[in-house]
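As structure tokens, the structure follows; a few thoughts come after it.
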Amino acid sequence: MTTPPRTEPLLAVNELSISYGAGIPLVQELNFTVRRGETVGLVGESGCGKSLTALAVMGLLPPNLKTAGGIDLGGSDITKLDARSLRKMRGSQMAMIFQEPLTALNPVMTIGSQVVEVLLAHNKITKAEAAKRTLELFELVRIPDAAARFNDYPHRLSGGMRQRVVIAIAIACNPSLLIADEPTTALDVTVQAQILRLLKRLQRDADLGLLLITHDLGVVRQVADRIVVMYAGCVVEEGPVDEVLDNPRHPYTAGLLAARPHGSRTAGAERLADIRGTVPAPHARPGGCLFEPRCPNAQADCRAVRPPLSPLSADRALRCYHPVGGAN
Ligand SMILES: Nc1ncnc2c1ncn2[C@@H]1O[C@H](COP(=O)(O)OP(=O)(O)OP(=O)(O)O)[C@@H](O)[C@H]1O
Ligand code: SF4
Ligand SMILES: [Mg+2]
């Protein structure tokens with residue numbers, strides 16, 4: 001497959017909907033893109049559909065969920081691929097890092113043999129070549145004394161070191177898209193910063209598209225180029241990270257920012273906090289704007305018809321009739 005030109009998105013999620021049961025929507029009309037060499041921060045309250053979106057891109061949704069819409073990665077629509085083609089794409093073109101590194105690793109295999117196994121599954125190389133490449137990967141993710149660590153089992157490593165192994169596995173076959181779902185929330189703050197720096201360095205060096213899912217606006221500001229804000233299964237605002245966080249237009253984005261602790265912009269300080277009310281359950285979402293029951297700007301028209309995601313400028317989009325700062 002040829003590398004897409006830089007102006008074309010690497011990943012394009014087009015009108016993606018995910019539902020269960022009798023069509024109860026979990027994710028609705030989701031649109032966003034990730035370009036090569038770009039980090040996109042996907043944020044939103046718990047339960048808004050961030051992980052489901054990531055799993056849909058990886059072709060790993062649980063079987064009880066149905067999808068509609070398209071997910072284009074480097075020219076292939078993921079939603080149309082059979083299980084074999086998907087398996088081939090996972091690892092070689094897209095890879096995912098999960099929140100809890102211990103569950104991502106096999107407890108009864110040494111960390112070295114876990115990476116070797118992945119390399120052998122995706123490349124025509126010998127075991128010795130795979131072992132050599134594993135050591136290079138361990139050095140790339142800065143595992144100290146890599147050769148001595150090769151035969152360690154996961155439980156002998158700290159949380160941060162385990163996450164480095166998971167990252168080594170994820171990048172082993174040079175994917176063009178890396179999805180990291182809350183990759184640092186299980187780690188303490190200093191280790192979090194190290195892992196984020198590592199991800200950013202790998203992303204720049206390999207010109208990866210990185211989709212970073214997080215609750216933490218401080219992390220997004222620190223690491224991402226663009227931000228996609230989700231609320232109750234929909235994108236409500238997106239754009240360049242500094243523009244959106246310095247001048248939020250959606251009342252939900254503004255609420256998230258207002259709720260953060262004041263006086264500090266360090267990573268970890270801008271956590272999503274309380275906005276009055278709660279996110280509606282998937283089966284009880286309002287017919288008009290999904291944020292209307294909690295929105296300080298709500299008016300009668302907001303209840304009638306759900307606002308579309310409309311462009312605000314060449315690189316910003318907004319789903320709101322009465323944005324913060326007034327209509328354009
Ligand atoms: N297999 C499933 N069947 C039915 N509903 C599901 C299923 N998996 C997830 N959900 C529901 O879909 C919604 C979105 O879940 P998701 O895990 O994507 O949220 P999230 O944004 O990642 O939240 P968090 O920040 O807590 O990780 C939630 O309401 C969840 O309960
Ligand atoms: S459309 Fe209306 S209710 Fe929805 S976010 Fe905008 S102002 Fe608030
Ligand atoms: Mg999640």
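Every number for a ligand or one of its atoms is a count from 1 in the order of the listing. Computed over heavy atoms, backbone and side chain alike; hydrogens, waters and symmetry mates excluded. Quantities reported herein were computed from a predicted structural model and do not represent experimental measurements.
Among the atoms of Ser46, no N, O or S atom falls under 2.8 Å of the Mg ion (ligand 3).
The main-chain N or O of Met161 is found under 3.5 Å from a side-chain atom of Ser158 such that the two form a donor-acceptor pair. Without hydrogens or angle criteria, Thr39 side chain to Asp225 main chain gives no donor-acceptor distance under 3.5 Å. Between the side chain of Asn31 and the main chain of Glu15, a donor-acceptor pair closer than 3.5 Å is present. Looking at Arg294, its side chain does come within 3.5 Å of a backbone N or O of Gly277 through a donor-acceptor pair. Side chain of Gln163 to main chain of Phe98: a donor-acceptor pair is present (N/O by atom type, distance under 3.5 Å, no hydrogens or angles).
Near Pro62, the atoms of ligand 1 lying under 4.0 angstrom from a non-hydrogen atom of the residue are 1 (N). When each atom of ligand 2 is checked for a heavy atom of Pro307 under 4.0 Å away, the hits are 1 (S). Taking a cut-off of under 4.0 Å to the non-hydrogen atoms of Asn297, the atoms of ligand 2 that pass are 7 (S). Heavy-atom contacts of Ala298 reach the following atoms of ligand 2: 3 (S) (cutoff under 4.0 Å).
Between Leu105 and Val165 the shortest heavy-atom distance is CD2-CG1, 3.9 Å. Of all non-hydrogen atoms in Ala104 and Val166, the two that sit nearest each other are CB-CG2, 4.0 Å.
Rounding to the nearest 0.5 angstrom, the gap separating the CG atom in Leu312 from the SG atom in Cys320 is 9.5 Å. Rounded to the nearest 0.5 Å, atoms CE (Met96) and OG (Ser51) are 6.0 Å apart.
Nearest protein heavy-atom contact of atom 6 (C) of ligand 1 is Leu26 CD1, 3.8 Å. When only non-hydrogen protein atoms are considered, atom 2 (Fe) of ligand 2 lies nearest to Cys302 SG, 2.3 Å. Regarding atom 27 (O) of ligand 1, its nearest protein heavy-atom neighbour is Ser51 OG, 3.9 Å. For atom 24 (P) of ligand 1, the nearest non-hydrogen atom of the protein is Ser46 OG, 3.6 Å. Regarding atom 8 (N) of ligand 1, its nearest protein heavy-atom neighbour is Leu52 CD2, 3.8 Å. When hydrogens are left out, the protein atom nearest atom 8 (Fe) of ligand 2 is Cys295 SG, 2.3 Å; that is the closest non-hydrogen contact. When only non-hydrogen protein atoms are considered, atom 4 (Fe) of ligand 2 lies nearest to Cys289 SG, 2.3 Å. If you check which protein heavy atom lies closest to atom 1 (S) of ligand 2, you get Tyr321 N, 3.3 Å. Of the protein's heavy atoms, Lys50 NZ, 2.8 Å lies nearest to atom 25 (O) of ligand 1. When only non-hydrogen protein atoms are considered, atom 13 (C) of ligand 1 lies nearest to Gly47 O, 3.6 Å.
The one candidate from Ile169, Ile195, Ile167 that meets the side-chain contact (heavy atoms from CB on, under 4.5 Å) condition with Val141 is Ile167.
Distance check on atom 1 (N) of ligand 1: some protein heavy atom falls below the 4.0 Å cut-off. Closer than 4.0 Å to atom 30 (C) of ligand 1 lies none of the heavy atoms of the protein.
Between Asn64 and ligand 1, at least one N/O pair is under 3.5 Å apart. At least one N or O atom of His215, backbone or side chain, sits closer than 3.5 Å to an N or O atom of ligand 1. Distances between N or O atoms of Leu65 and those of ligand 1 include no value under 3.5 Å.
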>> Working note: Asp246 + Arg221, criterion salt bridge (charged side-chain N to carboxylate O under 4.0 Å, His left out); need CA distance, chi angles, decisive distance, verdict.
In response: CA-CA 10 Å; Asp246 290 343; Arg221 199 190 273 278; 3.2 Å; yes
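Taking a cutoff of 4.0 Å between a charged side-chain nitrogen and a carboxylate oxygen, Arg226 and Glu38 qualify as a salt bridge. Using a 4.0 Å cut-off between a side-chain N of Lys or Arg and a carboxylate O of Asp or Glu, Glu136 and Lys132 qualify as a salt bridge. Here Arg36 does not pair with Glu8 in a salt bridge; the nearest charged N to carboxylate O distance is not below 4.0 Å.
Both the backbone and the side chain of Cys320 come within contact range of ligand 2, each with a heavy atom under 4.0 Å. Counting heavy atoms under 4.0 Å from ligand 2, residue His250 touches it through the side chain alone.
Compare Pro25, Gly233, Gly49 by their heavy atoms: the one nearest to atom 16 (P) of ligand 1 is in Gly49.
Using 4.0 Å as the threshold, Gly44 has no heavy atom nearer than that to any atom of ligand 1.
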